[in-house]
Every structure is written in C-alpha cells, then in structure tokens.
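Counting starts at 1 for both ligands and their atoms, following the listed order. Values reported hereafter were calculated over all heavy atoms of this structure, with side chains retained and with hydrogens, waters and symmetry mates removed.
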Amino acid sequence: MRAVVTGGAGFVGSHVAEALLARGDEVTVIDDLSTGKRENVPAGATLVEHDVRQPFEVAADVVFHLAAQADVRVSVADPGLDAEVNVLGTVRVLEAAGLAGAQVVFASTGGAIYGECERPAREEDERRPLSPYGVSKLAGEEYLAGYNRLHGTRHVALRYGNVYGPRQDPHGEAGVVAIFFSRLRARKALTVFGDGRQTRDYVYAGDVAQATLLAAGGEGGVFNVGTGLETSVLELAELCGRAAGVEPELVHAPERAGELRRSFLDPGRAERELGFRAEVALDDGLRRTWKETAA
Ligand code: NAD
C-alpha cells in the first residue's frame with residue numbers, strides 16, 4: 001500500500017509510520033517540523049516538509065492524518081492558529097485525498113471531545129468539548145462525515161485516549177508519562193495537580209498505531225481507541241516509579257482550571273468492527289517506555 005502520514009515526524013505519527021513500514025508499505029511523511037523532529041521519521045520513509053494549511057497533492061491509497069496543533073493550552077491561547085491547522089489543514093488533506101482517490105484516517109481525540117465521563121464514553125455519547133482544540137478536532141470529524149455523505153468516501157475518525165510511549169515530548173504541557181519519566185530520570189519530584197484522583201485512559205503508542213492501521217480499508221465512521229480502563233494520576237505516579245525503579249517523591253500543586261475529573265473510553269466498537277484490542281498493559285507499556293527513552 002502507498003501511505004501518506006501527515007505529522008509522521010511527531011510522537012504518534014512516527015509510530016504509525018514505523019508500523020506501516022514494518023508490514024512493507026511505502027511511506028511518505030508530510031510534516032512541517034513545527035513540533036515534530038526529523039529524527040523521529042523512521043528510516044525507509046520519505047519526508048516531505050510541508051505545512052498542511054497550504055494545498056498539496058498526494059499519490060497514495062490511504063492518508064493517515066495526524067498533523068495537528070495538539071496542545072490544549074495553545075488552543076486556548078491562540079484559537080485562530082488551532083483552527084487554521086486543525087480545521088483548514090484537515091480540509092486540505094480531504095481535498096488532496098479526494099484528487100488521489102485515497103481514504104483518510106484522521107487522528108481525533110476522546111478526552112477533549114466527550115468531556116466529563118461517568119462511565120467509559122461511547123461514540124454516540126454527547127460531545128462536550130471544553131477547549132478550542134476539542135472543537136477543532138470535532139469539526140475535523142464532521143468534515144470527514146460530510147465528505148463521506150457528499151462523495152461516498154469511507155473516511156475514518158479515531159478518538160484516541162491518552163497516548164504514551166517512546167518519543168513523546170516531555171517539554172509540553174501534555175504527556176504526563178513523558179514528564180514523569182523525565183523528572184524521575186533527573187531524580188526530581190513529580191508534580192501532582194489537585195488531589196491526583198483525576199483519571200485518564202492511558203493507551204500505548206504501539207497499540208494506537210495498530211488501531212490506526214486497522215482502520216484503513218474498512219467502512220467509514222468514528223471509533224474510540226482506548227483500553228476502557230481508568231487510571232488516576234496517583235496510581236500512574238506509582239507505576240512510573242516502579243517502571244523506573246525509583247521511589248517517586250510527590251509535590252502537590254493547585255488543581256488546574258478546566259481539567260476533567262474522569263475521562264475513559266469504551267473500546268467496544270473498535271473491537272467489534274476493526275478487530276482492535278489494546279494488547280499492552282499499562283505496567284508493561286511503562287517499562288518499555290522507560291527502557292526505550294534515551295536519558
Ligand atoms: P505531535 O505534536 O508530536 O505531532 C504532531 C505533528 O504534526 C508534529 O510532527 C508537527 O510537526 C506536525 N504538524 C503540526 N502542524 C503542522 C502543519 N501545519 N503542517 C504539517 N505538519 C504539522 O503530537 P502527537 O501527540 O503525536 O499527536 C498526533 C495526533 O494525535 C494529533 O492529531 C493529535 O491531535 C492526536 N491525538 C494525540 C493524543 C495524545 O495523547 N498524544 C491524544 C488524542 C489525539
């Protein structure tokens with residue numbers, strides 16, 4: 001298969017590119033290297049430096065669209081930039097894919113779209129984004145669905161949980177696992193906001209890459225990509241300490257405004273319709289991440 005991965009120089013996109021190459025596909029990465037890194041692009045993939053806000057062409061069977069402004073705080077500070085990259089950029093991808101007759105698999109988000117969860121969120125649940133980032137990702141999904149109705153395409157949106165794994169950037173605001181590991185490596189205390197009982201659905205990057213590949217070739221739609229399990233920040237800190245072989249010291253800081261208490265995803269539809277099941281348990285994924293993350 002000829003595949004294009006937008007955002008393939010980023011954290012999750014590089015795992016998708018790697019998984020495609022491993023099964024023998026031809027991979028072109030389109031990335032403007034704004035947060036991504038050239039060295040994240042796996043050997044064997046071709047990197048084209050391009051900003052997806054500008055029109056472009058592809059020669060591909062599938063376009064995996066992961067390029068995004070992926071930082072919730074940046075979206076609050078600069079919603080215009082967020083909309084340009086996540087909404088206009090997604091339209092550009094749909095247009096490029098349309099000309100090539102390619103299917104689009106779009107990286108969307110569970111946490112930022114569902115809002116507060118009383119139980120694992122299902123795809124048909126009410127969408128209550130709390131940030132411009134959640135709104136722009138939801139707009140991207142609606143563009144895909146609209147193109148499917150208008151053009152009879154089979155584009156797919158995947159709502160990822162909290163992805164963690166090797167190559168996640170510890171310097172941003174997101175990526176608590178990368179931040180905790182970077183602090184543990186430096187023998188520094190871990191900052192826990194609020195009481196630390198807020199929960200997320202942590203899903204290993206390798207599993208997310210497999211789900212993303214499985215979404216290609218099938219029918220269009222929206223699928224959660226998560227584990228169905230919720231883990232609190234306090235539990236996560238302990239598990240990270242265990243993976244690192246370090247007793248973590250915790251420092252509590254005030255709760256952050258707008259932060260969700262509970263967020264986790266029902267993975268049932270992806271299991272039934274894509275045959276996807278997250279294989280890597282959190283303790284195992286954390287051990288792998290610790291081992292593979294350079295000091
Ligand atoms: P990332 O920042 O590591 O990757 C994004 C990539 O897109 C980077 O390589 C960046 O250089 C590139 N990019 C940004 N703007 C671009 C533009 N205008 N043109 C071309 N390339 C551009 O982030 P990530 O965590 O790997 O996220 C990948 C995707 O998965 C995003 O769409 C994100 O919204 C989604 N997602 C991630 C998570 C998570 O937990 N990491 C959760 C839900 C959804």
Side-chain angles (χ1 to χ4, degrees), residues 4-18 28-42 45 47-56 58 63-75 78 81-93 96 104-114 121 129 131-141 144 157-179 200-205 207-209 211-212 215 223-227 263-265 285 289:
V4 162
V5 183
T6 74
F11 161 49
V12 185
S14 66
H15 286 272
V16 172
E18 199 173 69
T28 303
V29 165
I30 297 180
D31 200 299
D32 70 351
L33 303 179
S34 51
T35 59
K37 299 187 192 109
R38 195 178 293 277
E39 59 267 29
N40 282 347
V41 178
L47 171 65
V48 176
E49 276 183 65
H50 179 76
D51 182 335
V52 294
R53 287 173 287 183
Q54 302 301 328
F56 61 104
V58 293
V63 180
F64 296 92
H65 178 38
L66 288 93
Q69 187 308 103
D71 188 323
V72 172
R73 270 147 208 274
V74 169
S75 83
D78 193 348
L81 169 75
D82 180 78
E84 278 181 19
V85 177
N86 293 356
V87 183
L88 179 60
T90 300
V91 173
R92 299 289 190 218
V93 166
V104 175
V105 177
F106 171 59
S108 187
T109 168
I113 282 184
Y114 292 118
S131 62
Y133 169 71
V135 176
S136 66
K137 282 287 171 177
L138 188 52
E141 288 189 5
L144 262 72
L158 300 176
R159 292 184 182 152
Y160 296 161
N162 273 58
V163 192
Y164 71 96
R167 298 195 285 280
Q168 189 166 28
D169 190 346
H171 303 298
E173 292 282 348
V176 61
V177 169
I179 294 169
R200 298 290 180 272
D201 187 335
Y202 295 96
V203 56
Y204 189 63
D207 279 332
V208 171
T212 306
F223 299 91
N224 288 337
V225 175
T227 65
S263 172
F264 56 134
L265 309 176
T289 306

Using a strict cut-off of 4.0 Å, indicate which atoms of ligand 1 neighbour a heavy atom of [X].
{"X": "G36", "result": "8 (C), 9 (O), 10 (C), 11 (O)"}
{"X": "D51", "result": "17 (C), 18 (N), 19 (N)"}
{"X": "G7", "result": "6 (C), 7 (O), 9 (O)"}
{"X": "H50", "result": "19 (N), 20 (C)"}
{"X": "A9", "result": "9 (O)"}
{"X": "V85", "result": "15 (N), 18 (N)"}

Of all the heavy atoms in [X], does at least one lie under 4.0 Å from an atom in ligand 1?
{"X": "G111", "answer": "no"}
{"X": "H65", "answer": "no"}
{"X": "K137", "answer": "yes"}
{"X": "G161", "answer": "yes"}

Pairwise distance NZ(K137) to CZ(R159) - rounded to 0.5 angstrom: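 Rounded to the nearest 0.5 Å, the NZ-CZ separation comes out at 12.0 Å.
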
Between OG1 on residue T90 and CG on residue L144, distance to nearest 0.5 Å: 7.5 Å

Where the closest heavy atom to [atom] is concerned, which of [options] has it?
{"atom": "atom 43 (C) of ligand 1", "options": "F106, Y160, F64, F56", "result": "Y160"}
{"atom": "atom 7 (O) of ligand 1", "options": "S34, G165, A67, G140", "result": "A67"}
{"atom": "atom 12 (C) of ligand 1", "options": "D31, L88, V208, N86", "result": "D31"}

Side chain to side chain contact (heavy atoms under 4.5 Å, CB included) partners for T212, two or more places apart: V16, F64, V105, L158, Y160, V208

Suppose we measure from [atom] to each protein heavy atom; which comes out shortest, and what is that distance?
{"atom": "atom 19 (N) of ligand 1", "result": "V52 N, 2.9 Å"}
{"atom": "atom 26 (O) of ligand 1", "result": "V12 N, 2.8 Å"}
{"atom": "atom 4 (O) of ligand 1", "result": "G10 CA, 3.6 Å"}
{"atom": "atom 2 (O) of ligand 1", "result": "T35 OG1, 2.8 Å"}
{"atom": "atom 31 (C) of ligand 1", "result": "L66 O, 3.2 Å"}
{"atom": "atom 23 (O) of ligand 1", "result": "A70 CB, 3.9 Å"}
{"atom": "atom 22 (C) of ligand 1", "result": "D32 OD1, 3.0 Å"}
{"atom": "atom 34 (O) of ligand 1", "result": "Y133 OH, 2.6 Å"}

Mutual orientation of the aromatic rings belonging to Y202 and Y164 [parallel < 30°, tilted 30-60°, perpendicular > 60°]: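 The arrangement is perpendicular - the two ring planes meet at more than 60°.
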
If every non-hydrogen atom of [X] is compared with every non-hydrogen atom of [Y], which pair is closest and at what distance?
{"X": "V203", "Y": "V225", "result": "CG1-O, 3.9 Å"}
{"X": "A205", "Y": "G165", "result": "CB-CA, 4.4 Å"}
{"X": "V29", "Y": "A45", "result": "CG2-CB, 4.2 Å"}

R167 and E39: CA distance, side-chain angles, deciding distance, salt bridge (charged side-chain N to carboxylate O under 4.0 Å, His left out) verdict: CA-CA 10 Å; R167 298 195 285 280; E39 59 267 29; over 6 Å; no

Short N or O distance, V163 and ligand 1, threshold 3.5 Å exclusive: yes

Flag side-chain contact, heavy atom, 4.5 Å: N224 against Y114: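 Heavy-atom side-chain distance check passes, below 4.5 Å.
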
Contact check, side chains of Y133 and V74, non-hydrogen atoms, under 4.5 Å: no

Part of A112 with heavy atoms under 4.0 Å of ligand 1, whether side chain, backbone, both or neither: neither

Structural part of L33 in contact with ligand 1, heavy atom criterion under 4.0 angstrom: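 The answer is the backbone of L33.
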
R92: salt bridge (Lys or Arg N to Asp or Glu O under 4.0 Å) partners, not counting sequence neighbours: none

Side-chain ion pair, D71 and R73, N-O less than 4.0 Å: no

CA sep, side-chain torsions, deciding dist, call: N40, S14, side-chain hydrogen bond (donor to acceptor under 3.5 Å, both in side chains): CA-CA 6 Å; N40 282 347; S14 66; 5.0 Å; no

Donor-acceptor pair between D82 and Q69 side chains, under 3.5 angstrom: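 Yes, Q69 and D82 have a side-chain donor paired with an acceptor closer than 3.5 Å.
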
